[in-house]
Amino acid sequence: QVQLVESGGGLVQAGASLRLSCTASGRTYNMYSTAWFRQAPGKEREFVAWVVWTDSHTYYADSVKGRFTISRDNAKNTVSLQMNSLKPEDTAVYYCAATNGPATRSYVNYPYWGQGTQVTVSS
């Protein structure tokens, strides 16, 4: 089993930056990739970015390319999401997810989830 805990959310103005962190614990030795998703009220969970745990290969949703950066620290079992130039439409609960299989854009393929951290971007 893998446990994930997110942190770093908050309330910021448009154009500001936030850095989210996701700490993994438990049986992480089979964890292959981690991803960030977000969910706004009344919306389905939306893919944001993923990173391969072993080689740091990354992939981003078009909506965040050039603004967000995903990274991982193997020694700390931590995945981060650096968010720059935040927009009001980025407002959502951000979730960290992990899988033992290939990274995908679909939330249904991720068996491990954190509790989420709220990001609110004001106009």
Side-chain angles (χ1 to χ4, degrees):
Q1 296 295 320
V2 175
Q3 294 80 45
L4 304 172
V5 179
E6 304 97 335
S7 63
L11 173 63
V12 298
Q13 292 184 313
S17 297
L18 279 175
R19 186 176 180 87
L20 307 182
S21 294
C22 171
T23 300
S25 60
R27 298 182 179 181
T28 61
Y29 49 84
N30 286 328
M31 187 171 62
Y32 181 74
S33 60
T34 55
W36 287 95
F37 291 82
R38 64 188 182 185
Q39 187 169 25
K43 303 289 186 178
E44 291 189 338
R45 291 193 180 187
E46 175 189 18
F47 169 78
V48 176
W50 58 249
V51 60
V52 176
W53 191 255
T54 55
D55 60 13
S56 295
H57 287 179
T58 60
Y59 183 79
Y60 298 90
D62 289 341
S63 60
V64 305
K65 284 182 179 178
R67 298 190 298 122
F68 291 10
T69 302
I70 188 171
S71 61
R72 94 285 183 268
D73 186 333
N74 292 47
K76 297 181 179 180
N77 289 316
T78 299
V79 176
S80 298
L81 185 69
Q82 178 67 44
M83 305 184 295
N84 299 325
S85 302
L86 284 163
K87 305 174 181 179
E89 51 262 44
D90 294 318
T91 296
V93 176
Y94 282 70
Y95 296 92
C96 179
T99 180
N100 298 328
T104 74
R105 295 168 56 95
S106 300
Y107 65 86
V108 297
N109 297 128
Y110 292 82
Y112 308 113
W113 292 86
Q115 297 297 314
T117 185
Q118 177 70 48
V119 172
T120 302
V121 185
S122 62
S123 302

Measure from the side-chain N and O atoms of T99 to the backbone N and O of G101, and report whether any donor-acceptor pair falls under 3.5 Å. yes

Would you confirm whether E6, through its side chain, and G116, through its main-chain N or O, come within 3.5 Å as a donor-acceptor pair?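 Checked: pair present.
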
Return yes when atom CZ of R105 has more than 12 non-hydrogen atoms of other residues, nucleotides or ligands closer than 6.0 Å, and no otherwise.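 Result for CZ/R105: enclosed.
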
Does [X] reach the side chain of [Y], with side-chain heavy atoms less than 4.5 Å apart?
| X | Y | value |
| --- | --- | --- |
| S63 | K87 | no |
| Q118 | T91 | yes |
| T104 | F47 | no |

Partner residues of Y95 under the ring-ring contact (aromatic ring centres under 6.0 Å, His included) criterion, sequence neighbours left out: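 For Y95 there are no ring-ring contact (aromatic ring centres under 6.0 Å, His included) partners, ignoring immediate neighbours.
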
Shortest non-hydrogen contact between [X] and [Y], atoms and distance:
| X | Y | result |
| --- | --- | --- |
| Q82 | N84 | NE2-OD1, 3.0 Å |
| S21 | S80 | OG-OG, 3.9 Å |
| P88 | S123 | CG-OG, 3.8 Å |
| A92 | A40 | CB-N, 3.8 Å |

Taking the hydrophobic residues Ile, Leu, Val, Met, Phe, Trp and Tyr, and joining any pair whose side-chain heavy atoms are under 4.5 Å apart, which ones share a cluster with I70?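 Answer for I70: V2, L4, V12, L18, L20, M31, W36, V48, V51, W53, Y60, V64, F68, V79, L81, M83, L86, Y94, Y112, V119, V121.
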
By the rule that ILVMFWY residues connect when side-chain heavy atoms come within less than 4.5 angstrom, directly or transitively, which residues belong alongside V5? none

Measure the spacing between [atom1] of [X] and [atom2] of [Y] and express it to the nearest 0.5 Å.
| X | Y | atom1 | atom2 | result |
| --- | --- | --- | --- | --- |
| T58 | R72 | OG1 | CZ | 11.0 Å |
| K76 | N74 | NZ | CG | 12.0 Å |
| Q3 | N77 | CD | CG | 11.5 Å |

Any salt bridge (Lys or Arg N to Asp or Glu O under 4.0 Å) involving residues 89-102? Give me the pairs, sequence neighbours left out, ordered by first then second residue. R38-D90, R67-D90

Got a sec, which residues hit salt bridge (charged side-chain N to carboxylate O under 4.0 Å, His left out) with K65, two or more places apart in sequence or on another chain?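 Partners of K65 by the salt bridge (charged side-chain N to carboxylate O under 4.0 Å, His left out) criterion, ordered by chain and then number, come out as D62.
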
Strictly by disulfide bond (SG atoms under 2.5 Å apart), give each pair with a member in residues 23-75 just once, sequence neighbours left out.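 Sorted result for residues 23-75: empty, none.
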
